[in-house]
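The next block holds one structure in the form of structure tokens; read it before the comments.
Throughout, residue positions are numbered sequentially from 1 according to the sequence presented.
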Amino acid sequence: MGIDLVAGGKSKKTKRTAPKSNDIYIKLLVKLYRFLIRRTDSKFNAMVLKRLFMSRTNRPPLRLSRLIAHMKNKEDKIAVLVGTVTDDPRVHDVPPLKVTALRFTETARARIENAGGECLTFDQLALRAPMGQNTVLLRGCRNAREAVRHFGPAPGVPHSQTKPYVRSKGRKFERARGRRNSRGFRV
């Protein structure tokens, strides 16, 4: 047994070179940005293409409030997000923004457009800014998923802030020994 070197050997390049998604629209965007990279030497286009290849976990959504904060004093530029823009009901005043994203939730799109802003697609962006000029490339928080709270040192270990996988958060679920001083010890 061993590595079959004749067949190509060990896979040293493990990054994606194409999207795994079967979404025809993402595949068309990949074609478009491959062309733009070939014809321009823009790092912006290379970054957009790389993010189009990513899994949905690595293309986290960005909420409207975070988008507004990032675009403060950059009203003349176009915000670019390879992912979804979601609404934030805690925001009352939405400034007029130009935003490019793969998807917008219905309410986020309505609020941006009602404020006098624009919701663009990536093919529209390619016509307006083929080199990515006057754009701000943004991305959502990757560790905001609930699943990430369970990662880290085991929940019973001292100083661990890791969330345990528990059936319920009641009185009798992982609340005894190791969880309070009256029952042996508390971590």
Let me see the working for S65 and V91 under side chain to side chain contact (heavy atoms under 4.5 Å, CB included), right down to the final yes or no.
-> CA-CA 6 Å; S65 57; V91 175; 3.3 Å; yes
Starting from the C-alpha separation in whole Å, work towards a yes-or-no answer on side chain to side chain contact (heavy atoms under 4.5 Å, CB included) for L49 and L36.
-> CA-CA 10 Å; L49 183 70; L36 285 172; over 6 Å; no
Table please: side-chain donor-acceptor pairs of residues 15-22 below 3.5 Å, with sequence neighbours left out.
from : atom 1 : to  : atom 2 : distance (Å)
R16  : NH1    : F53 : O      : 2.8
S21  : OG     : D23 : N      : 2.9

Mind listing the side-chain donor-acceptor pairs of residues 120-136 below 3.5 Å, one per line with the distance, residues two or more places apart or on another chain?
from : atom 1 : to   : atom 2 : distance (Å)
T121 : OG1    : D123 : OD1    : 2.4
T121 : OG1    : Q124 : OE1    : 3.2
Q124 : OE1    : T121 : N      : 2.8
R128 : NH1    : E118 : OE1    : 3.2
R128 : NH2    : E118 : OE2    : 2.7
Q133 : OE1    : M131 : N      : 3.1
T135 : OG1    : G132 : O      : 2.6

Expected list for residues 141-167: side-chain donor-acceptor pairs under 3.5 angstrom, two or more places apart:
from : atom 1 : to   : atom 2 : distance (Å)
E146 : OE2    : H150 : NE2    : 3.3
E146 : OE2    : K163 : NZ     : 2.7
H150 : ND1    : K163 : O      : 2.8
S160 : OG     : P153 : O      : 3.1
S160 : OG     : A154 : O      : 3.1
S160 : OG     : T162 : N      : 3.2
S160 : OG     : T162 : OG1    : 3.3
T162 : OG1    : P153 : O      : 2.6

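The list of ring pair (Phe, Tyr, Trp, His ring centres under 6.0 Å) pairs with a residue in residues 74-121, not counting sequence neighbours, is empty. Here salt bridge (charged side-chain N to carboxylate O under 4.0 Å, His left out) pairs that include residues 38-51, with residues two or more places apart or in two chains, number zero. Listed by first and then second residue, the salt bridge (charged side-chain N to carboxylate O under 4.0 Å, His left out) pairs involving residues 178-187 amount to none (not counting sequence neighbours).
R63 meets the salt bridge (Lys or Arg N to Asp or Glu O under 4.0 Å) test with D88; sequence neighbours excluded. Remark: T84 engages R103 in a side-chain hydrogen bond (donor to acceptor under 3.5 Å, both in side chains) (not counting sequence neighbours). Applying the side-chain hydrogen bond (donor to acceptor under 3.5 Å, both in side chains) rule to S182 yields no partners; only residues at least two apart in sequence or on another chain are considered. R56 pairs by the side chain to side chain contact (heavy atoms under 4.5 Å, CB included) definition with R59, not counting sequence neighbours. Every side chain to side chain contact (heavy atoms under 4.5 Å, CB included) that A108 has, sequence neighbours left out, goes to V85, D87, T105.
In terms of modelled atom types and a separation under 3.5 Å, the side chain of K74 and the main chain of H70 share a donor-acceptor contact.
Under the 4.5 Å side-chain contact rule for hydrophobic residues, L137 and I112 do not share a cluster. Cluster annotation: L97 is not connected to I78 through the hydrophobic network of ILVMFWY side chains, with a link wherever side-chain heavy atoms come within less than 4.5 Å. A continuous path of hydrophobic side-chain contacts links V80 to I37 [ILVMFWY only; heavy atoms under 4.5 Å]. Hydrophobic clustering, with ILVMFWY side chains joined whenever heavy atoms are under 4.5 angstrom apart, keeps L52 apart from M54. Residues L102 and V48 share a hydrophobic cluster, clusters being chains of Ile/Leu/Val/Met/Phe/Trp/Tyr side chains in contact below 4.5 Å.
The two residues A115 and P96 make their nearest non-hydrogen contact at O-CB, 3.5 Å. Here the closest heavy-atom approach between residue G140 and residue L81 is recorded as N-CD1, 4.0 Å. Heavy atoms only, all atoms of each residue included: R109 and C119 are closest at NH1-CB, 3.6 Å.
Side-chain contacts under 4.5 Å among hydrophobic residues (ILVMFWY), followed directly or transitively, place I24 together with Y25.
In this structure, CZ on R111 lies 9.0 Å from CG on D93, to the nearest 0.5 angstrom.
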